[in-house]
Asks: 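I'd like to ask some things about the structure below.
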Amino acid sequence: MKIERPRGTRDFLPDEMERRRAIEAVMRRIAESYGYREIATPTFEHLELFTIKSGEGIIEEMYAFKDKGGRDLALRPELTAPVVRLFVNECSVMPKPLRFYYFANCFRYERPQKGRYREFWQFGVELIGSSSYLADAEVITLAYRIMEELKLDFELHIGHVGLLRHLLRDVEEEKAAIVMRLIDKKDVEGLIKHLEEIKAPQDLSEAILSLIELSGGRDVLKDASELTGFDIGHMEKLCDVLDSMGVEYTIDLGIARGLDYYTGVVFEAYAEGLGAQNQICGGGSYRLAHLFGGEDVPSTGFALGFDRIVEICKLTPEEKTVVVVANVGLENEAFKLADLLRRHGICAITDVMERSLKRQLSFANDVNARFAVIIGKKEIESGRYTVKDMASGESLQLEFDSLLEYLSSNIKYKKS
RNA sequence: GCCCGGAUGGGGUAGAGGUUAUCCUCUGGGACUGUGGAUCCCAGGAGCCGGGUUCGAAUCCCGGUCCGGGCCCCA
(Lines give C-alpha, C1' and ligand atoms only; values in the text may rest on other atoms or scores of the structure.)
Protein backbone atom coordinates (compact mmCIF):
# COMPACT_ATOMS: atom_id res chain seq x y z
CA MET A 1 0.00 0.00 0.00
CA LYS A 2 1.15 3.46 -0.84
CA ILE A 3 1.88 5.75 2.04
CA GLU A 4 0.29 9.16 1.66
CA ARG A 5 1.24 12.48 3.12
CA PRO A 6 -0.38 13.33 6.43
CA ARG A 7 -3.39 15.56 6.06
CA GLY A 8 -2.65 19.23 5.64
CA THR A 9 1.02 18.74 4.72
CA ARG A 10 2.62 19.29 1.34
CA ASP A 11 5.51 18.13 -0.79
CA PHE A 12 7.44 20.76 -2.70
CA LEU A 13 9.01 19.98 -6.06
CA PRO A 14 12.11 21.80 -7.31
CA ASP A 15 10.23 24.43 -9.35
CA GLU A 16 8.15 25.38 -6.37
CA MET A 17 11.07 25.30 -3.97
CA GLU A 18 12.94 27.72 -6.19
CA ARG A 19 10.01 30.10 -6.07
CA ARG A 20 9.72 29.73 -2.32
CA ARG A 21 13.43 30.29 -1.81
CA ALA A 22 13.38 33.37 -4.05
CA ILE A 23 10.53 34.88 -2.03
CA GLU A 24 12.21 33.94 1.22
CA ALA A 25 15.41 35.58 -0.01
CA VAL A 26 13.58 38.89 -0.52
CA MET A 27 12.21 38.76 3.01
CA ARG A 28 15.60 37.96 4.51
CA ARG A 29 17.36 40.60 2.46
CA ILE A 30 15.02 43.37 3.51
CA ALA A 31 14.93 42.33 7.17
CA GLU A 32 18.70 42.17 7.24
CA SER A 33 18.95 45.58 5.63
CA TYR A 34 17.13 46.89 8.72
CA GLY A 35 19.71 45.23 10.94
CA TYR A 36 17.60 42.24 11.95
CA ARG A 37 19.48 38.97 12.50
CA GLU A 38 18.19 35.48 12.22
CA ILE A 39 17.41 33.25 15.16
CA ALA A 40 15.97 29.74 15.44
CA THR A 41 14.07 28.03 18.21
CA PRO A 42 13.09 24.38 18.72
CA THR A 43 10.35 22.83 16.64
CA PHE A 44 8.64 21.74 19.86
CA GLU A 45 8.38 23.46 23.20
CA HIS A 46 6.72 22.89 26.55
CA LEU A 47 2.99 23.06 26.03
CA GLU A 48 2.75 25.64 28.75
CA LEU A 49 4.64 28.21 26.71
CA PHE A 50 1.70 28.46 24.38
CA THR A 51 -1.12 28.16 26.86
CA ILE A 52 -0.05 30.94 29.23
CA LYS A 53 -1.24 33.91 27.26
CA SER A 54 -1.97 33.00 23.67
CA GLY A 55 -5.70 32.82 24.12
CA GLU A 56 -7.89 29.82 24.59
CA GLY A 57 -8.47 29.20 20.92
CA ILE A 58 -4.93 28.06 20.48
CA ILE A 59 -5.11 25.06 22.78
CA GLU A 60 -7.52 22.95 20.80
CA GLU A 61 -5.59 23.56 17.62
CA MET A 62 -2.17 22.46 18.72
CA TYR A 63 -0.22 19.35 17.99
CA ALA A 64 0.31 18.51 21.65
CA PHE A 65 1.76 15.27 22.95
CA LYS A 66 3.51 13.64 25.86
CA ASP A 67 7.07 12.48 25.41
CA LYS A 68 8.41 9.25 26.92
CA GLY A 69 9.25 11.08 30.11
CA GLY A 70 5.66 12.20 30.48
CA ARG A 71 6.38 15.85 29.65
CA ASP A 72 3.66 17.85 27.95
CA LEU A 73 5.04 19.21 24.70
CA ALA A 74 3.63 20.85 21.60
CA LEU A 75 4.80 21.55 18.08
CA ARG A 76 5.07 25.32 17.86
CA PRO A 77 1.86 26.88 16.55
CA GLU A 78 3.53 30.27 16.16
CA LEU A 79 6.84 31.90 16.90
CA THR A 80 6.30 34.98 18.99
CA ALA A 81 6.13 33.11 22.30
CA PRO A 82 9.23 30.97 21.52
CA VAL A 83 11.19 34.06 20.52
CA VAL A 84 10.27 35.85 23.71
CA ARG A 85 11.20 32.74 25.70
CA LEU A 86 14.56 32.72 23.91
CA PHE A 87 14.98 36.37 24.80
CA VAL A 88 14.22 35.76 28.46
CA ASN A 89 16.47 32.67 28.61
CA GLU A 90 19.50 33.92 26.75
CA CYS A 91 19.39 37.56 25.83
CA SER A 92 17.87 39.63 28.58
CA VAL A 93 21.09 41.50 29.27
CA MET A 94 22.03 42.18 25.68
CA PRO A 95 22.02 45.84 24.60
CA LYS A 96 18.57 46.94 23.59
CA PRO A 97 16.81 47.10 21.30
CA LEU A 98 17.19 43.60 19.90
CA ARG A 99 16.27 42.95 16.32
CA PHE A 100 15.51 39.33 15.46
CA TYR A 101 13.94 37.64 12.50
CA TYR A 102 12.93 34.05 11.86
CA PHE A 103 11.70 31.84 9.07
CA ALA A 104 10.31 28.54 10.26
CA ASN A 105 7.54 26.01 9.99
CA CYS A 106 4.64 26.00 12.41
CA PHE A 107 1.95 23.45 13.09
CA ARG A 108 -1.73 23.71 13.79
CA TYR A 109 -4.35 21.04 13.98
CA GLU A 110 -7.05 22.66 11.89
CA ARG A 111 -9.23 21.76 8.97
CA PRO A 112 -7.09 22.42 5.88
CA GLN A 113 -8.40 24.66 3.13
CA LYS A 114 -7.12 27.17 0.64
CA GLY A 115 -4.17 28.98 2.17
CA ARG A 116 -4.39 26.96 5.36
CA TYR A 117 -2.29 23.91 6.09
CA ARG A 118 -1.37 21.92 9.15
CA GLU A 119 2.28 22.61 8.52
CA PHE A 120 2.93 26.12 7.29
CA TRP A 121 5.73 28.63 7.28
CA GLN A 122 6.00 32.02 8.90
CA PHE A 123 8.51 34.74 8.34
CA GLY A 124 8.53 37.24 11.14
CA VAL A 125 10.48 39.80 13.09
CA GLU A 126 10.50 40.89 16.72
CA LEU A 127 11.88 44.22 17.89
CA ILE A 128 12.46 43.83 21.59
CA GLY A 129 12.99 46.56 24.15
CA SER A 130 11.16 49.63 22.94
CA SER A 131 7.64 50.87 23.51
CA SER A 132 8.20 53.99 21.42
CA TYR A 133 6.02 54.78 18.42
CA LEU A 134 9.30 54.58 16.51
CA ALA A 135 9.44 50.84 17.15
CA ASP A 136 5.96 50.42 15.71
CA ALA A 137 6.92 52.63 12.79
CA GLU A 138 10.02 50.61 11.98
CA VAL A 139 8.31 47.25 12.16
CA ILE A 140 5.30 48.35 10.13
CA THR A 141 7.52 49.94 7.51
CA LEU A 142 9.60 46.77 7.30
CA ALA A 143 6.52 44.60 6.74
CA TYR A 144 5.25 47.09 4.21
CA ARG A 145 8.51 47.18 2.26
CA ILE A 146 8.61 43.40 2.04
CA MET A 147 5.07 43.16 0.70
CA GLU A 148 5.77 46.03 -1.65
CA GLU A 149 8.98 44.44 -2.96
CA LEU A 150 7.11 41.20 -3.58
CA LYS A 151 4.61 43.19 -5.66
CA LEU A 152 1.69 42.00 -3.61
CA ASP A 153 -1.70 43.60 -3.95
CA PHE A 154 -2.42 44.22 -0.30
CA GLU A 155 -4.17 46.50 2.13
CA LEU A 156 -2.64 47.47 5.45
CA HIS A 157 -4.87 48.15 8.44
CA ILE A 158 -3.56 49.67 11.64
CA GLY A 159 -5.33 49.90 14.96
CA HIS A 160 -4.62 50.15 18.67
CA VAL A 161 -6.02 47.71 21.20
CA GLY A 162 -5.19 50.17 23.96
CA LEU A 163 -8.38 52.07 23.19
CA LEU A 164 -10.56 49.02 23.64
CA ARG A 165 -8.65 47.89 26.69
CA HIS A 166 -9.05 51.39 28.13
CA LEU A 167 -12.80 51.22 27.65
CA LEU A 168 -12.87 47.76 29.19
CA ARG A 169 -10.65 48.69 32.14
CA ASP A 170 -13.39 48.06 34.69
CA VAL A 171 -14.59 44.82 33.13
CA GLU A 172 -13.30 41.50 34.46
CA GLU A 173 -10.39 40.14 32.47
CA GLU A 174 -12.17 36.98 31.34
CA LYS A 175 -15.23 38.84 30.15
CA ALA A 176 -13.09 41.45 28.44
CA ALA A 177 -11.18 38.71 26.61
CA ILE A 178 -14.44 37.39 25.21
CA VAL A 179 -15.35 40.89 24.06
CA MET A 180 -12.00 41.18 22.28
CA ARG A 181 -12.50 37.79 20.69
CA LEU A 182 -15.92 38.73 19.34
CA ILE A 183 -14.54 41.97 17.97
CA ASP A 184 -11.70 40.08 16.29
CA LYS A 185 -14.27 37.81 14.67
CA LYS A 186 -16.26 40.86 13.57
CA ASP A 187 -19.27 39.20 15.17
CA VAL A 188 -21.24 42.33 16.03
CA GLU A 189 -24.43 40.46 16.85
CA GLY A 190 -22.59 38.17 19.23
CA LEU A 191 -20.87 41.18 20.72
CA ILE A 192 -24.11 43.00 21.45
CA LYS A 193 -25.51 39.85 23.03
CA HIS A 194 -22.44 39.35 25.16
CA LEU A 195 -22.40 42.98 26.31
CA GLU A 196 -26.00 42.54 27.46
CA GLU A 197 -25.11 39.31 29.24
CA ILE A 198 -22.28 40.88 31.22
CA LYS A 199 -24.53 43.83 32.00
CA ALA A 200 -22.20 46.38 30.50
CA PRO A 201 -23.34 49.96 31.10
CA GLN A 202 -25.22 51.48 28.20
CA ASP A 203 -22.61 54.16 27.51
CA LEU A 204 -19.81 51.59 27.50
CA SER A 205 -21.61 49.37 25.01
CA GLU A 206 -22.31 52.32 22.78
CA ALA A 207 -18.72 53.48 22.93
CA ILE A 208 -17.39 50.03 22.02
CA LEU A 209 -19.81 49.60 19.15
CA SER A 210 -19.01 53.04 17.75
CA LEU A 211 -15.27 52.58 18.20
CA ILE A 212 -15.02 49.34 16.24
CA GLU A 213 -16.83 50.99 13.36
CA LEU A 214 -14.17 53.66 13.10
CA SER A 215 -12.14 53.07 10.00
CA GLY A 216 -10.57 55.30 7.41
CA GLY A 217 -7.89 57.99 7.22
CA ARG A 218 -6.01 59.22 10.24
CA ASP A 219 -8.67 61.79 11.00
CA VAL A 220 -10.78 59.05 12.62
CA LEU A 221 -8.25 59.12 15.46
CA LYS A 222 -9.77 62.33 16.78
CA ASP A 223 -13.22 60.75 16.91
CA ALA A 224 -11.72 57.78 18.69
CA SER A 225 -10.06 60.02 21.21
CA GLU A 226 -13.30 61.83 21.97
CA LEU A 227 -15.13 58.54 22.24
CA THR A 228 -12.73 56.91 24.65
CA GLY A 229 -10.77 59.65 26.34
CA PHE A 230 -7.66 57.72 25.38
CA ASP A 231 -4.50 59.65 24.53
CA ILE A 232 -3.86 59.08 20.86
CA GLY A 233 -0.57 60.95 20.76
CA HIS A 234 1.32 57.70 20.10
CA MET A 235 -0.85 56.93 17.10
CA GLU A 236 -0.57 60.47 15.75
CA LYS A 237 3.20 60.36 15.88
CA LEU A 238 3.23 56.91 14.31
CA CYS A 239 1.08 58.16 11.47
CA ASP A 240 3.41 61.12 10.94
CA VAL A 241 6.34 58.78 10.42
CA LEU A 242 4.43 56.37 8.19
CA ASP A 243 3.10 59.24 6.08
CA SER A 244 6.58 60.61 5.60
CA MET A 245 7.82 57.16 4.58
CA GLY A 246 5.09 56.79 1.97
CA VAL A 247 3.48 53.87 3.76
CA GLU A 248 -0.18 53.63 2.85
CA TYR A 249 -2.62 52.36 5.44
CA THR A 250 -6.12 52.48 6.79
CA ILE A 251 -6.78 53.24 10.43
CA ASP A 252 -9.07 50.51 11.70
CA LEU A 253 -9.98 50.51 15.36
CA GLY A 254 -11.93 47.31 14.98
CA ILE A 255 -8.72 45.23 14.87
CA ALA A 256 -8.48 43.19 18.04
CA ARG A 257 -6.18 40.30 17.00
CA GLY A 258 -6.82 36.76 18.10
CA LEU A 259 -3.91 36.56 20.50
CA ASP A 260 -4.52 37.94 23.95
CA TYR A 261 -1.07 39.36 24.47
CA TYR A 262 -1.21 42.44 22.29
CA THR A 263 -1.29 45.66 24.24
CA GLY A 264 -0.78 48.59 21.90
CA VAL A 265 -0.60 49.20 18.19
CA VAL A 266 -1.82 46.27 16.12
CA PHE A 267 -1.84 45.79 12.37
CA GLU A 268 -2.93 43.33 9.73
CA ALA A 269 -2.54 43.10 5.97
CA TYR A 270 -5.01 41.47 3.62
CA ALA A 271 -4.67 40.35 0.02
CA GLU A 272 -7.07 39.27 -2.69
CA GLY A 273 -7.13 35.85 -4.28
CA LEU A 274 -6.95 33.70 -1.18
CA GLY A 275 -10.58 32.95 -0.50
CA ALA A 276 -11.51 33.06 3.14
CA GLN A 277 -7.89 33.13 4.29
CA ASN A 278 -7.02 36.61 3.11
CA GLN A 279 -4.78 37.72 5.95
CA ILE A 280 -1.13 37.62 4.95
CA CYS A 281 0.39 39.57 7.80
CA GLY A 282 -0.40 40.21 11.42
CA GLY A 283 1.45 41.93 14.20
CA GLY A 284 1.59 44.57 16.85
CA SER A 285 3.16 45.49 20.13
CA TYR A 286 2.89 43.26 23.16
CA ARG A 287 4.26 42.48 26.57
CA LEU A 288 5.03 38.83 27.08
CA ALA A 289 8.47 38.58 28.65
CA HIS A 290 7.27 38.93 32.24
CA LEU A 291 4.98 35.93 31.74
CA PHE A 292 7.97 33.73 31.02
CA GLY A 293 9.92 34.83 34.02
CA GLY A 294 11.68 37.87 32.59
CA GLU A 295 11.35 41.58 33.12
CA ASP A 296 8.42 43.37 31.65
CA VAL A 297 9.94 44.28 28.29
CA PRO A 298 7.90 45.92 25.56
CA SER A 299 8.18 44.41 22.08
CA THR A 300 6.77 44.81 18.62
CA GLY A 301 6.68 42.28 15.82
CA PHE A 302 4.83 40.73 12.96
CA ALA A 303 4.53 37.46 11.12
CA LEU A 304 3.95 36.99 7.42
CA GLY A 305 1.92 34.01 6.24
CA PHE A 306 4.58 32.68 3.94
CA ASP A 307 2.50 30.05 2.13
CA ARG A 308 -0.29 32.49 1.42
CA ILE A 309 2.18 34.97 0.04
CA VAL A 310 3.78 32.33 -2.17
CA GLU A 311 0.34 31.54 -3.51
CA ILE A 312 -0.35 35.08 -4.69
CA CYS A 313 3.15 36.35 -5.41
CA LYS A 314 3.84 36.55 -9.11
CA LEU A 315 7.59 36.84 -8.72
CA THR A 316 9.39 34.20 -10.77
CA PRO A 317 12.97 33.27 -10.01
CA GLU A 318 15.59 33.55 -12.68
CA GLU A 319 16.26 30.20 -14.23
CA LYS A 320 19.54 28.67 -13.32
CA THR A 321 21.88 28.03 -16.23
CA VAL A 322 22.95 24.44 -16.59
CA VAL A 323 25.81 22.98 -18.60
CA VAL A 324 25.74 19.30 -19.53
CA VAL A 325 29.10 17.64 -19.95
CA ALA A 326 28.49 14.81 -22.41
CA ASN A 327 31.04 12.17 -23.20
CA VAL A 328 31.77 9.62 -25.87
CA GLY A 329 33.12 6.64 -24.01
CA LEU A 330 35.16 8.87 -21.68
CA GLU A 331 33.07 9.06 -18.55
CA ASN A 332 36.08 9.69 -16.38
CA GLU A 333 37.19 12.70 -18.42
CA ALA A 334 33.68 14.10 -18.28
CA PHE A 335 33.68 13.80 -14.49
CA LYS A 336 36.99 15.63 -14.28
CA LEU A 337 35.93 18.45 -16.57
CA ALA A 338 32.59 18.88 -14.82
CA ASP A 339 34.39 19.03 -11.50
CA LEU A 340 36.62 21.81 -12.78
CA LEU A 341 33.72 23.79 -14.16
CA ARG A 342 31.89 23.50 -10.84
CA ARG A 343 34.88 24.87 -9.00
CA HIS A 344 34.49 27.92 -11.20
CA GLY A 345 30.89 28.35 -10.16
CA ILE A 346 29.25 26.72 -13.13
CA CYS A 347 26.45 24.22 -12.62
CA ALA A 348 27.56 21.14 -14.56
CA ILE A 349 25.72 17.86 -15.04
CA THR A 350 27.25 14.64 -16.32
CA ASP A 351 25.75 11.40 -17.51
CA VAL A 352 25.33 8.73 -14.85
CA MET A 353 23.17 6.40 -16.91
CA GLU A 354 25.94 5.25 -19.26
CA ARG A 355 23.94 6.51 -22.19
CA SER A 356 24.85 7.17 -25.79
CA LEU A 357 25.88 10.68 -26.83
CA LYS A 358 22.56 11.07 -28.52
CA ARG A 359 20.70 10.24 -25.34
CA GLN A 360 22.95 12.51 -23.34
CA LEU A 361 22.11 15.42 -25.60
CA SER A 362 18.49 14.50 -25.49
CA PHE A 363 18.67 14.65 -21.73
CA ALA A 364 20.44 18.01 -21.95
CA ASN A 365 17.46 19.17 -23.92
CA ASP A 366 15.05 17.80 -21.30
CA VAL A 367 16.73 19.66 -18.46
CA ASN A 368 16.89 22.87 -20.44
CA ALA A 369 20.67 23.01 -20.49
CA ARG A 370 22.07 26.19 -21.98
CA PHE A 371 25.21 24.48 -23.28
CA ALA A 372 26.50 20.98 -23.83
CA VAL A 373 30.21 20.33 -23.69
CA ILE A 374 31.22 17.21 -25.56
CA ILE A 375 34.29 15.29 -24.64
CA GLY A 376 35.58 12.34 -26.63
CA LYS A 377 38.67 11.02 -28.32
CA LYS A 378 38.88 13.94 -30.76
CA GLU A 379 38.76 16.50 -27.97
CA ILE A 380 41.41 14.78 -25.93
CA GLU A 381 43.73 14.54 -28.93
CA SER A 382 43.30 18.18 -29.97
CA GLY A 383 43.10 19.57 -26.43
CA ARG A 384 39.98 21.50 -27.44
CA TYR A 385 36.52 20.83 -26.11
CA THR A 386 33.41 20.95 -28.23
CA VAL A 387 30.80 23.35 -26.86
CA LYS A 388 27.33 23.30 -28.26
CA ASP A 389 24.86 26.11 -27.76
CA MET A 390 21.62 24.23 -27.19
CA ALA A 391 19.44 27.09 -28.38
CA SER A 392 21.16 27.73 -31.70
CA GLY A 393 22.59 24.27 -32.22
CA GLU A 394 25.95 25.73 -33.19
CA SER A 395 29.16 24.43 -31.74
CA LEU A 396 32.70 25.65 -31.20
CA GLN A 397 36.03 24.07 -30.35
CA LEU A 398 37.74 25.73 -27.41
CA GLU A 399 40.66 25.11 -25.10
CA PHE A 400 39.87 24.96 -21.41
CA ASP A 401 40.58 28.62 -20.58
CA SER A 402 38.53 29.97 -23.45
CA LEU A 403 35.81 27.44 -22.68
CA LEU A 404 35.62 28.70 -19.14
CA GLU A 405 35.48 32.30 -20.27
CA TYR A 406 32.85 31.50 -22.91
CA LEU A 407 30.62 29.68 -20.45
CA SER A 408 31.06 32.21 -17.67
CA SER A 409 30.22 35.16 -19.87
CA ASN A 410 27.02 33.48 -21.01
CA ILE A 411 25.81 32.33 -17.66
CA LYS A 412 23.52 34.19 -15.38
CA TYR A 413 24.69 33.68 -11.87
CA LYS A 414 22.01 32.93 -9.39
CA LYS A 415 21.88 35.56 -6.71
CA SER A 416 21.70 34.13 -3.25
C1' G B 1 -15.76 19.25 15.00
C1' C B 2 -19.64 20.42 10.91
C1' C B 3 -21.56 21.03 5.59
C1' C B 4 -20.96 20.46 0.06
C1' G B 5 -18.15 18.25 -4.08
C1' G B 6 -14.37 14.94 -5.58
C1' A B 7 -10.53 10.53 -5.92
C1' U B 8 -9.07 5.70 -12.55
C1' G B 9 -0.89 4.49 -14.42
C1' G B 10 4.06 9.72 -12.35
C1' G B 11 0.63 13.88 -14.80
C1' G B 12 -4.05 14.66 -17.67
C1' U B 13 -8.29 11.64 -19.02
C1' A B 14 -12.41 7.97 -21.29
C1' G B 15 -15.81 4.53 -19.84
C1' A B 16 -19.41 2.33 -16.92
C1' G B 17 -22.81 -4.03 -12.94
C1' G B 18 -20.13 -8.62 -17.32
C1' U B 19 -13.68 -11.29 -21.39
C1' U B 20 -7.49 -8.51 -21.48
C1' A B 21 -9.89 -0.91 -18.49
C1' U B 22 -9.50 3.95 -23.31
C1' C B 23 -6.54 7.73 -25.17
C1' C B 24 -2.69 11.50 -24.53
C1' U B 25 1.54 12.52 -21.92
C1' C B 26 5.49 10.40 -19.27
C1' U B 27 9.58 6.92 -18.00
C1' G B 28 13.33 3.15 -19.82
C1' G B 29 15.29 0.95 -24.21
C1' G B 30 15.82 0.52 -29.53
C1' A B 31 15.72 2.02 -34.93
C1' C B 32 20.57 5.51 -34.53
C1' U B 33 28.12 3.64 -30.60
C1' G B 34 30.26 11.56 -32.37
C1' U B 35 25.49 15.56 -32.00
C1' G B 36 19.26 17.16 -28.83
C1' G B 37 14.09 18.83 -30.13
C1' A B 38 10.87 15.03 -35.24
C1' U B 39 9.14 10.08 -36.50
C1' C B 40 8.52 4.90 -35.75
C1' C B 41 9.01 0.29 -32.74
C1' C B 42 9.31 -2.42 -27.96
C1' A B 43 8.68 -2.28 -22.78
C1' G B 44 6.68 -0.15 -17.96
C1' G B 45 2.81 1.74 -15.21
C1' A B 46 -3.86 2.69 -12.72
C1' G B 47 -9.95 2.43 -10.72
C1' C B 48 -7.81 5.62 -2.54
C1' C B 49 -8.60 1.96 1.68
C1' G B 50 -12.02 -1.39 4.28
C1' G B 51 -16.71 -3.60 4.47
C1' G B 52 -21.58 -4.66 2.15
C1' U B 53 -25.15 -5.81 -2.05
C1' U B 54 -24.47 -9.23 -6.35
C1' C B 55 -23.32 -15.22 -9.83
C1' G B 56 -20.08 -10.95 -10.93
C1' A B 57 -18.25 -4.17 -8.35
C1' A B 58 -13.55 0.38 -10.77
C1' U B 59 -18.97 1.19 -11.52
C1' C B 60 -24.26 0.61 -6.59
C1' C B 61 -24.49 1.28 -0.85
C1' C B 62 -21.96 2.28 3.98
C1' G B 63 -17.64 3.69 6.80
C1' G B 64 -12.69 5.63 6.70
C1' U B 65 -8.54 8.33 4.40
C1' C B 66 -6.92 12.20 1.44
C1' C B 67 -7.92 16.51 -1.89
C1' G B 68 -10.85 21.10 -3.24
C1' G B 69 -14.41 24.73 -1.36
C1' G B 70 -17.10 26.74 2.82
C1' C B 71 -18.41 27.00 8.35
C1' C B 72 -15.96 27.09 13.08
C1' C B 73 -11.33 28.97 14.38
C1' C B 74 -7.29 31.77 12.91
C1' A B 75 -1.55 32.55 16.23
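Residue numbers begin at 1 in each chain, while the letters A, B, ... track the order of the sequences.
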Asks: Rounding to the closest angstrom, what is the interatomic distance between B:rA57 and B:rA21 at atom C1'?
Replies: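 About 14 Å, rounded to a whole number of Å.
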
Asks: Is the A:Tyr270-A:His157 ring centre distance short of 6.0 angstrom?
Replies: yes

Asks: Distance check: side-chain N/O of A:Arg111 vs OP1/OP2 of B:rC3, anything under 4.0 Å?
Replies: no

Asks: Return the nucleotide paired to B:rG17: Watson-Crick means purine N1 to pyrimidine N3 with N6-O4 or O6-N4, wobble means G-U with N1-O2 and O6-N3, both under 3.5 Å.
Replies: none

Asks: Mind listing the closest non-hydrogen atom pair of A:Tyr385 and A:Glu399 along with its distance?
Replies: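 Minimum heavy-atom contact is CD1-C, 4.5 Å.
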
Asks: Any idea which heavy atoms bring A:Arg218 and A:Cys239 closest together, and the distance?
Replies: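 Between these two residues, the closest heavy atoms are CZ-CB, 3.5 Å.
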
Asks: Please confirm whether A:Phe100 and A:Phe87 have ring centers closer than 6.0 angstrom.
Replies: no

Asks: Please state the P separation for the pair B:rG12 and B:rG69 - nearest whole angstrom.
Replies: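 Those two atoms are separated by 16 Å.
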
Asks: From the set B:rG69, B:rG34, B:rG68, return the single nucleotide nearest to any side-chain atom of A:Tyr117.
Replies: B:rG68

Asks: Scan every strand shown for a Watson-Crick or G-U wobble partner of B:rG56, both distances under 3.5 Å, and answer none if you come up empty.
Replies: none

Asks: Rounded to whole Å, please give me the gap between CZ in A:Arg118 and C1' in B:rC66.
Replies: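 Going from CZ in A:Arg118 over to C1' in B:rC66 covers 11 Å.
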
Asks: Around atom CG of A:Asp187, are there more than 12 heavy atoms from other residues, nucleotides or ligands closer than 6.0 Å?
Replies: yes

Asks: Quick one: look up who B:rA43 pairs with, Watson-Crick or G-U, both distances under 3.5 Å, and put none if it's unpaired.
Replies: B:rU27

Asks: For the P atoms, the ones on B:rG37 and on B:rC32, what distance do you get once it is rounded to whole angstrom?
Replies: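 One P to the other, the span is 15 Å.
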
Asks: Check the distance between B:rG68's C1' and A:Glu311's CD and give it to me in whole angstrom.
Replies: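 It is 12 Å, rounded to the nearest whole Å.
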
Asks: Verify the distance criterion only: is there a donor paired with an acceptor across the side chains of A:Asn278 and A:Arg308 at less than 3.5 Å?
Replies: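 No, because no side-chain N or O of A:Asn278 sits under 3.5 Å from a partner of the opposite role on A:Arg308.
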
Asks: Establish, with yes or no, whether the OP1 or OP2 oxygen of B:rG36 is under 4.0 angstrom from a side-chain nitrogen or oxygen of A:Lys358.
Replies: yes

Asks: Output the single nucleotide from B:rG37, B:rG34, B:rG70 whose closest atom is nearest the side chain of A:Leu357.
Replies: B:rG34

Asks: Which residue lies toward the 5' end of RNA chain B, A:Ile374 or A:Asp366, if each is placed at its nearest nucleotide?
Replies: A:Asp366

Asks: For B:rC42 and B:rG9, measure between their P atoms and round to the nearest Å.
Replies: 24 Å

Asks: B:rG34 C1' sits how many Å from A:Arg355 CZ, rounded?
Replies: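 The answer, rounded to whole Å, is 17 Å.
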
Asks: Using the rule given for ring pair (Phe, Tyr, Trp, His ring centres under 6.0 Å), can you reason through A:Phe371 versus A:Tyr406, listing the C-alpha separation, both sets of side-chain angles and the distance that settles it, and then say yes or no?
Replies: CA-CA 10 Å; A:Phe371 298 102; A:Tyr406 177 70; 5.3 Å; yes

Asks: Specify the separation, in whole Å, of atom CD of A:Gln360 and atom C1' of B:rU33.
Replies: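 Taking CD of A:Gln360 and C1' of B:rU33, I get 11 Å after rounding.
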
Asks: Any side-chain N or O of A:Gln113 below 4.0 angstrom from OP1/OP2 of B:rG69?
Replies: no

Asks: If B:rC72 has a Watson-Crick or G-U wobble mate with both distances under 3.5 Å, name it; if not, just say none.
Replies: none

Asks: Which is it for B:rG15, anti or syn, if anything within 90° of zero counts as syn?
Replies: anti

Asks: Is there a Watson-Crick or G-U wobble partner for B:rA38 with both distances under 3.5 Å, and which nucleotide is it?
Replies: none

Asks: Pick the closest RNA chain B nucleotide for A:Thr386 and for A:Tyr109 by heavy atoms, then say which residue is nearer the 5' end.
Replies: A:Tyr109

Asks: What's the CZ-P distance between A:Arg116 and B:rG68, to the nearest Å?
Replies: 12 Å

Asks: Applying the Watson-Crick and G-U wobble criteria at under 3.5 Å, what pairs with B:rG5? Answer none if nothing qualifies.
Replies: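 Base-paired to B:rC67.
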
Asks: Between B:rC72 atom C1' and A:Lys114 atom NZ, what is the distance in whole Å?
Replies: 20 Å

Asks: Quick one: A:Met353 CE to B:rG29 C1', roughly how many Å, whole number?
Replies: 10 Å

Asks: Can you tell me how far P in B:rC24 sits from the matching atom in B:rG17, rounded to whole Å?
Replies: 25 Å

Asks: Between P on B:rU35 and CZ on A:Phe363, what's the gap in Å once rounded to a whole number?
Replies: 20 Å

Asks: If you measure from the C1' atom in B:rC49 to the same atom in B:rC67, how many Å do you get, rounded?
Replies: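 Pairwise C1' distance, B:rC49 against B:rC67, rounds to 15 Å.
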
Asks: Under 4.0 Å between a side-chain N/O of A:Arg359 and OP1 or OP2 of B:rU33, yes or no?
Replies: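 The answer is no; no side-chain N or O of A:Arg359 sits under 4.0 Å from OP1 or OP2.
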
Asks: Which value, in whole Å, describes the distance between the C1' atoms of nucleotides B:rU13 and B:rC23?
Replies: 7 Å

Asks: Where do A:Asn327 and A:Ala334 come nearest, in terms of heavy atoms and distance?
Replies: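 Closest pair (atom of A:Asn327, atom of A:Ala334, distance): CB-CB, 3.8 Å.
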
Asks: Report yes if a donor N or O on one partner sits less than 3.5 Å from an acceptor N or O on the other, where the partners are the side chain of A:Glu379 and the base of B:rG34; otherwise report no.
Replies: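 For A:Glu379, whose side chain was compared with the base of B:rG34, there is a donor-acceptor pair (under 3.5 Å).
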
Asks: To the side chain of A:Leu361, which of B:rG34, B:rC66, B:rG36 is closest?
Replies: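 Looking only at heavy atoms from C-beta outward on A:Leu361, the closest nucleotide is B:rG36.
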
Asks: Would you classify A:Gly8 as touching base, sugar-phosphate or nothing, given that sugar-phosphate means primed atoms plus P, OP1 and OP2, and contacts are heavy atoms under 4.0 Å?
Replies: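 Sugar-phosphate only.
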
Asks: Quantified in whole Å, what is the P atom distance between nucleotide B:rC48 and nucleotide B:rA58?
Replies: 9 Å

